[in-house]
Amino acid sequence: MPTGTRARDPHTSGSHAVRRERQPRARGWRSVVLALLVAVLVAGLLRAFVADVYWIGSDSMQPTVEPGDRVLVTKLRAGAEPERGDLVVFDGRGSFAPLHSEDPWPARALHAVGRWTGLAGSDSVYLKRVIGTPGDTVACCGPSGHLVVNGEELAEDYVFTGDRPSEVEFTAVVPEGRLWLMGDHRSVSVDSRSLLGAPGGGLVRADKVIGEPVAVLWPLDRAGQL
């Protein structure tokens, strides 16, 4: 054996080789997991502050949106106020829905996952159209059978074909910070008219508005701007 040359233990060399091979693989998996966590965080921030996707589970807004539609909703800008005729998505707790859910926590957790992935809707989030804004007087109905806002009849070409603007007669004065909301499929829509005798009189707080529906994303044959 030449001087200065050390004998190599094949078992020791092999174990070192195995360790050297495993380290890059472990780093690779950690990188993948970190990338997935970052992607989930970014998606969560976008959905919380920029835009979100909501699943439509009822026919109360036909023909504008259909049951099963996935709708892109942009978050309401700070200080922005919905205008008459706008579509809005809002949190109905305290007005359209109970304040607290009585479902067990596993069911609530499962529903939250379905809601976040867009595979399920929310039992407290609604999509309706703004009919009355603060200061408006909304009434049904005028001489021609249309809704009347501040003494003028509304021309509502978005109302479901064959429906009357409202089967329920009412007069509502919209106070500051509230909205009068109705569905486009008037004969089946549970909206402000349905809550006239409830606390708040069917009026929804403007700060409960989450955002504005801007497009149908799915199904593809209905995809397009709203």
Report summary line: The reported gap from CZ in Arg193 to CD in Glu169 (rounded to nearest 0.5 angstrom) is 12.5 Å
**Report entry** Flag side-chain contact, heavy atom, 4.5 Å: Arg84 against Asn150
**Finding:** yes
Report task. Without swapping roles, check the side chain of Asp69 against the backbone of Val71 for a donor-acceptor pair under 3.5 Å. Result -> no
Query raised in the report: Same cluster or not: are Leu195 and Trp180 linked, directly or through other Ile, Leu, Val, Met, Phe, Trp or Tyr residues, by side-chain heavy atoms under 4.5 angstrom apart?
Result: no
Query raised in the report: Do you know which two heavy atoms are closest between Thr64 and Arg129, and how far apart they sit?
Result: OG1-NH2, 3.5 Å
**Report entry** Cluster check Leu179, Leu203: I/L/V/M/F/W/Y, side chain < 4.5 angstrom
**Finding:** no
Report summary line: When every non-hydrogen atom of Gly202 is compared with those of Ser192, the smallest separation belongs to O-OG, 2.6 Å
Query raised in the report: Under a 4.5 Å cut-off applied to non-hydrogen side-chain atoms, are Val53 and Leu217 in contact?
Result: yes
Query - Heavy-atom check, side chain of Arg222 versus side chain of Glu66, under 4.5 Å - result: yes
Query raised in the report: Taking atom CD of Gln62 and atom CG of Asp163, what is their separation to the nearest 0.5 Å?
Result: 9.5 Å
Requested in this report: Please report the closest heavy-atom contact between Pro219 and Gly68, naming both atoms and the distance.
Outcome: CD-O, 4.4 Å
Query raised in the report: How long is the span from the CG atom in Leu220 to the CZ atom in Arg70, to the nearest 0.5 Å?
Result: 11.5 Å
Requested in this report: Grab the two heavy atoms, one from Val174 and one from Arg178, that are nearest each other, plus how far apart they are.
Outcome: CG1-O, 3.2 Å
Query raised in the report: If we only count heavy atoms from C-beta on, is the Val125 to Tyr54 side-chain gap below 4.5 Å?
Result: yes
Query raised in the report: Between the side chains of Glu153 and His146, is a donor N or O closer than 3.5 angstrom to an acceptor N or O?
Result: no
**Report entry** Joint cluster assignment, Leu87 & Ile131, ILVMFWY side-chain distance < 4.5 Å
**Finding:** no
Query - Ser187 OG to His185 NE2 distance, which is reported to the nearest 0.5 Å - result: 3.5 Å
Query raised in the report: Tyr126 vs Phe90 aromatic rings, parallel, tilted or perpendicular, using cut-offs 30° and 60°?
Result: parallel
Query raised in the report: Mind checking whether Lys208 and Ser95 have side chains closer than 4.5 Å, heavy atoms only?
Result: no
Requested in this report: First locate atom OG1 of Thr161, then atom CG of Asp184, and finally report the distance between them rounded to the nearest 0.5 Å.
Outcome: 11.0 Å
**Report entry** Step-by-step side chain to side chain contact (heavy atoms under 4.5 Å, CB included) determination, Lys75 to Ile210
**Finding:** CA-CA 6 Å; Lys75 300 295 179 167; Ile210 297 170; 3.5 Å; yes
Query - Which atom of Ser58 lies closest to which atom of Ser60, heavy atoms considered - result: OG-OG, 3.2 Å
Query raised in the report: Honestly curious: do Val130 and Val149 fall in one hydrophobic cluster under the side-chain, below-4.5 Å linking rule?
Result: no
Requested in this report: Mind running side chain to side chain contact (heavy atoms under 4.5 Å, CB included) on Ser124 and Arg93 for me, showing each step along the way?
Outcome: CA-CA 6 Å; Ser124 65; Arg93 288 176 295 181; 3.6 Å; yes
Query raised in the report: Are any of the side-chain heavy atoms of Asp191 and Leu181 separated by less than 4.5 Å?
Result: no
**Report entry** Sub-4.5 Å side-chain heavy-atom contact between Leu147 and Glu156
**Finding:** yes
Report task. Mind listing the closest non-hydrogen atom pair of Val73 and Val89 along with its distance? Result -> CG2-CG2, 3.8 Å
Query raised in the report: Would you call Val148 and Cys140 a side-chain contact if the rule is heavy atoms closer than 4.5 Å?
Result: no
Report task. Could you state whether Val138 and Val159 fall into the same hydrophobic cluster, counting links through intermediate Ile, Leu, Val, Met, Phe, Trp or Tyr residues with side-chain heavy atoms under 4.5 angstrom apart? Result -> yes
